[in-house]
Amino acid sequence: VSGSSNQIIWTAATGADQYRVYKSKTVVFGDIGDTENTSFLDENIGPDLSITPVIADTSLDGDDNPSVLAYFEQRLCLANQQTLWMTRTGTERDLSYHLPVIDTDRIKFTLQARDVTTVRHIVPMDNLVILTDSTEFVVTPVNNDAITPDSFRARPVSFVGANTVRPVVVNNSLVFCAAR
C-alpha cells in the first residue's frame, strides 16, 4: 500500500560488515538496499531484479569428483561423465550463479550425444574441444563473443571417440588416439 513501510530486524551474523536486503517479486528476489546495521526500513521499495542473490551450486560436493579439468577463457573447466562445469569468470572454485543468470556466472551443461558418453579430455584451443569416448565436441559462443551461460553451444564434430592417452596439440592441430 502506498505510504506503508516494514521495519526488518535480524540478529547480527558473525564477521558480517554489511548486509544486502532482497525482496521477492513473484518467485525472484531482487535487491532493495544495503545496510551496515541489523535493521532495514523498507518504505515500499521496488526490488531491483537485475541484482539477485547468489546461489551456490553444490552438485560437485561429496564423492562425485570431476575426472577431467582444463582452463579456458578465465574459467576452470571440470567434467564428470557427460556434465561440464565452468567456474565463474576469473575464479578457480566458484560455481555459484544467479537467477536470472549473468554473464560471469558458472556454466553447467550436459553434453548431448547419441548415447551415454564419458568425457576423457578437455583441450583449450581457439575453441574448447571436449573429447569423449564416443564423440568429439567443439564448444563455441553462440554470437562469437566470450562464452557465457546464455551463449554456450557444444556441437559434435565427429564420432570417433578418444582413448585415455593424453592428446597433443601440434601447431594448431589436435592429435588424439582413437577409442577404437
Side-chain angles (χ1 to χ4, degrees), residues 20 22 27-31 48-180:
R20 176 164 282 162
Y22 297 94
V27 296
V28 178
F29 285 85
D31 179 60
D48 181 355
L49 298 178
S50 68
I51 304 172
T52 60
V54 174
I55 301 169
D57 181 347
T58 59
S59 56
L60 284 177
D61 290 354
D63 296 333
D64 196 24
N65 295 320
S67 55
V68 181
L69 63 93
Y71 289 93
F72 185 70
E73 289 190 1
Q74 297 183 12
R75 296 176 185 261
L76 175 62
C77 307
L78 309 156
N80 194 356
Q81 298 296 333
Q82 284 183 252
T83 305
L84 175 74
W85 292 266
M86 297 175 79
T87 60
R88 288 178 57 100
T89 304
T91 71
E92 290 189 351
R93 296 175 191 244
D94 190 351
L95 292 173
S96 62
Y97 60 99
H98 299 81
L99 286 178
V101 297
I102 59 176
D103 289 347
T104 58
D105 280 348
R106 71 91 168 101
I107 297 169
K108 181 180 179 184
F109 187 81
T110 300
L111 297 169
Q112 304 298 315
R114 296 186 299 181
D115 51 9
V116 176
T117 187
T118 300
V119 175
R120 296 240 169 109
H121 307 283
I122 301 173
V123 184
M125 298 183 66
D126 283 344
N127 293 307
L128 190 63
V129 179
I130 302 173
L131 304 174
T132 74
D133 58 355
S134 66
T135 310
E136 294 73 46
F137 293 89
V138 173
V139 175
T140 58
V142 173
N143 51 10
N144 292 329
D145 289 337
I147 289 180
T148 68
D150 287 332
S151 74
F152 180 88
R153 177 176 53 192
R155 291 187 338 259
V157 292
S158 69
F159 300 95
V160 174
N163 198 317
T164 57
V165 175
R166 185 180 171 124
V168 177
V169 176
V170 179
N171 294 329
N172 291 330
S173 299
L174 176 62
V175 179
F176 65 94
C177 294
R180 296 162 188 80

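Along the sequence shown, the residues carry numbers beginning at 1. Just so you know, these numbers use all the heavy atoms, side chains as well, and skip hydrogens, waters and symmetry mates.
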If only atom types and distance count, is the side chain of Asn80 paired as donor or acceptor with the main-chain N or O of Asn65 below 3.5 Å? yes
Looking at every non-hydrogen atom in both residues, tell me the closest pair between Thr132 and Phe137 and how far apart they are. CG2-CE1, 3.9 Å
Would you confirm whether Asp133, through its side chain, and Thr118, through its main-chain N or O, come within 3.5 Å as a donor-acceptor pair? yes
Heavy-atom closest pair (Val139 atom, Asn127 atom, distance to 0.1 Å) is O-CB, 3.5 Å
Where is the tightest heavy-atom contact between Val123 and Pro167, given as atom of each residue plus distance? CG2-CG, 3.8 Å
With sequence neighbours excluded, tell me which residues meet salt bridge (charged side-chain N to carboxylate O under 4.0 Å, His left out) with Asp94. Arg88
All heavy atoms of Val68 vs all of Val119, minimum pair found to be CG2-O, 3.6 Å
Apply the test side-chain contact (heavy atoms from CB on, under 4.5 Å) to residues Arg93 and Leu95: give CA-CA distance (whole Å), side-chain angles for both, the deciding distance (0.1 Å), then the verdict. CA-CA 6 Å; Arg93 296 175 191 244; Leu95 292 173; over 6 Å; no
Report the C-alpha separation of Leu174 and Leu131 in whole Å, then their side-chain angles, then the decisive distance to 0.1 Å, and conclude whether the side-chain contact (heavy atoms from CB on, under 4.5 Å) test is met. CA-CA 11 Å; Leu174 176 62; Leu131 304 174; 4.2 Å; yes
Distance, nearest 0.5 Å, that separates CZ of Arg120 from CD1 of Ile130: 14.5 Å
Are Glu136 and Ser158 linked by a side-chain donor-acceptor pair shorter than 3.5 Å? yes
So, the side chain of Ser151 versus the backbone of Asn143: is there a donor-acceptor pair under 3.5 Å, distance only? no
Heavy atoms only: give me the nearest Val160-Phe176 pair and the separation to one decimal. CG1-CE1, 4.4 Å
Around atom CZ of Arg153, are there more than 12 heavy atoms from other residues, nucleotides or ligands closer than 6.0 Å? yes
Residue pairs, two or more places apart or on separate chains, that pass side-chain hydrogen bond (donor to acceptor under 3.5 Å, both in side chains) and touch residues 69-79: Tyr71-Glu92, Arg75-Thr89
With rounding to the nearest 0.5 angstrom, report the CG to CG distance, Leu78 to Leu84. 8.0 Å
To the nearest 0.5 Å, how far apart are CG in Asp103 and CG in Asp145? 9.0 Å
Considering only residues two or more places apart or on different chains, which pairs with a residue in residues 90-125 satisfy ring pair (Phe, Tyr, Trp, His ring centres under 6.0 Å)? Phe109-Phe152
For Asp126, look at atom CG and say whether over 12 heavy atoms of other residues, nucleotides or ligands are found less than 6.0 Å away. no
Flag for Ser59-Asp57: side-chain donor and acceptor within less than 3.5 Å: yes
For a quick test of reading the model, state the closest non-hydrogen atom pair linking Pro124 to Phe72 and the distance between them. CB-CD1, 3.8 Å
Distance from Leu111 atom CG to Gln81 atom CD, nearest 0.5 Å? 11.0 Å
Just verifying a value: how many Å separate Leu128 CG and Ile147 CD1, rounded to the nearest 0.5 Å? 6.0 Å
Working to the nearest 0.5 Å, report the span between CD1 of Ile55 and CG of Leu99. 4.0 Å
